[in-house]
Amino acid sequence: MKNITKTILLAVAMLCSVSASAQRTSGNPLFEGDYADPEGIVFGKTYWIYPTFSAAYDDQLHFDCFSSKDLVKWTKHPRIIDATEIKWLRRALWAPAAIEKDGKYYLFFGANDVHEGEIGGIGVAVADNPAGPFKDLLGKPLIGEIVNGAQPIDQYVFKDKDGTHYMYYGGWRHCNVVKLADDFRSIVPFPDGEMYKEVTPENYVEGPFMFIREGKYYFMWSEGGWTGPDYKVAYAIADSPFGPFVRKDVILQQDDKVARGAGHHSVVHNPRSGKYYIIYHRRPIDSNKRDNRVTCIEELHFDAEGNILPVVMTHEGVRKDRL
Ligand code: FUB
């Protein structure tokens, strides 16, 4: 009897320690459900992730978002905006990009998988809270035309060192940068009068992202096809937000032991711990379903010269890291 009790106690202790250690890392995926194109951002002491709801185009009519204090425990905020608010949305609500300005939260998004002559493109919504509810700011696209061959999707809004807001965007293998007006209601000309500058790097397909580290501009993007296994993330380092963006290397790609179709990412930085994280989507190794894309996280490492080291995809994710 004594031995049985001892065995039971040992088993309980082992279970407790497994669950305690499981809580020490985020695990991958970070949360349940098919979510792609995750845009991570820090607002105050909270991490936020704004992803695409990954489903058939006709069913992509809303966004959910997620928040966390420590990267491990995530809270879902359902339906932060949907088709009842964006009157011109028909389908394919894609790749949100959030930014805070003057106490308001702005959510840029792509809608309708727009082609020449159709209504759709990049829109913008605003809220008093990062979890919404977001209101369509314009009631129409901010950019609805196809310029330099770039489909108006996959925008990333970047605040430069001098406070200027630029928006990088583009699908179909072309990337443009535009300058946003102070109220985010329009785009304004660059000093040379141009409205759109093409900054497409070699092999670029979609999903641009930018961050500054130690004074350098890290420009990143996705290559390959998002529906297949060969999706990947590459990057360049530049001295200016306009490039030139000379492709350095691929840093994230499929791993036959872990997952395929890894790409469309973002990067968050914790200024307190100094750590950088890449948040990206991938398709589980045992899945061939196009929309079975899940949101994952890994720590991003740099070498002494500032180059980004290849990302190792894991099932464990990252450890707790409070802001
Ligand atoms: O999720 C919809 C589309 O898939 C995105 O806009 C692309 O970047 C690709 O990830």
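In listed order, ligands and their atoms are each counted from 1. Everything numeric in this text was worked out from a predicted model, so none of it was measured.
- Atom CG of Asn288 has 12 or fewer neighbouring heavy atoms from other residues, nucleotides or ligands inside a 6.0 Å radius.
- Within ligand 1, the atoms closer than 4.0 Å to a non-hydrogen atom of Tyr231 are 8 (O), 9 (C), 10 (O), numbered from 1 in the order shown.
- For the pair Trp94 and ligand 1, the shortest N or O to N or O distance does not fall below 3.5 Å.
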(message) Let's go through Arg90 and Glu118 carefully: what are the C-alpha distance in whole Å and the side-chain angles of both, what is the deciding distance for salt bridge (charged side-chain N to carboxylate O under 4.0 Å, His left out) to 0.1 Å, and is it a yes or a no?
(response) CA-CA 11 Å; Arg90 297 288 172 270; Glu118 298 172 356; over 6 Å; no
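- Atom 6 (O) of ligand 1 has Asp154 OD1, 2.5 Å as its closest protein atom, hydrogens excluded (heavy atom only).
- Taking each of Arg293, Arg290, Glu206 in turn, the one with a heavy atom nearest to atom 7 (C) of ligand 1 proves to be Glu206.
- Cation-pi geometry between Lys76 and Phe31 is not met: the NZ or CZ atom fails to fall both under 6.0 Å from the ring centre and inside 45° of the normal.
- Between Asp256 and Arg260, at least one side-chain nitrogen of the basic residue sits less than 4.0 Å from a carboxylate oxygen of the acidic one, meeting the salt-bridge criterion.
- Partner of Phe219 under the ring-ring contact (aromatic ring centres under 6.0 Å, His included) criterion, out of Tyr168, Tyr235, Phe242: Tyr168 alone.
- When only non-hydrogen protein atoms are considered, atom 10 (O) of ligand 1 lies nearest to Asp37 OD1, 2.6 Å.
- Each of the atoms 10 (O) of ligand 1 lies under 4.0 Å from some heavy atom of His281.
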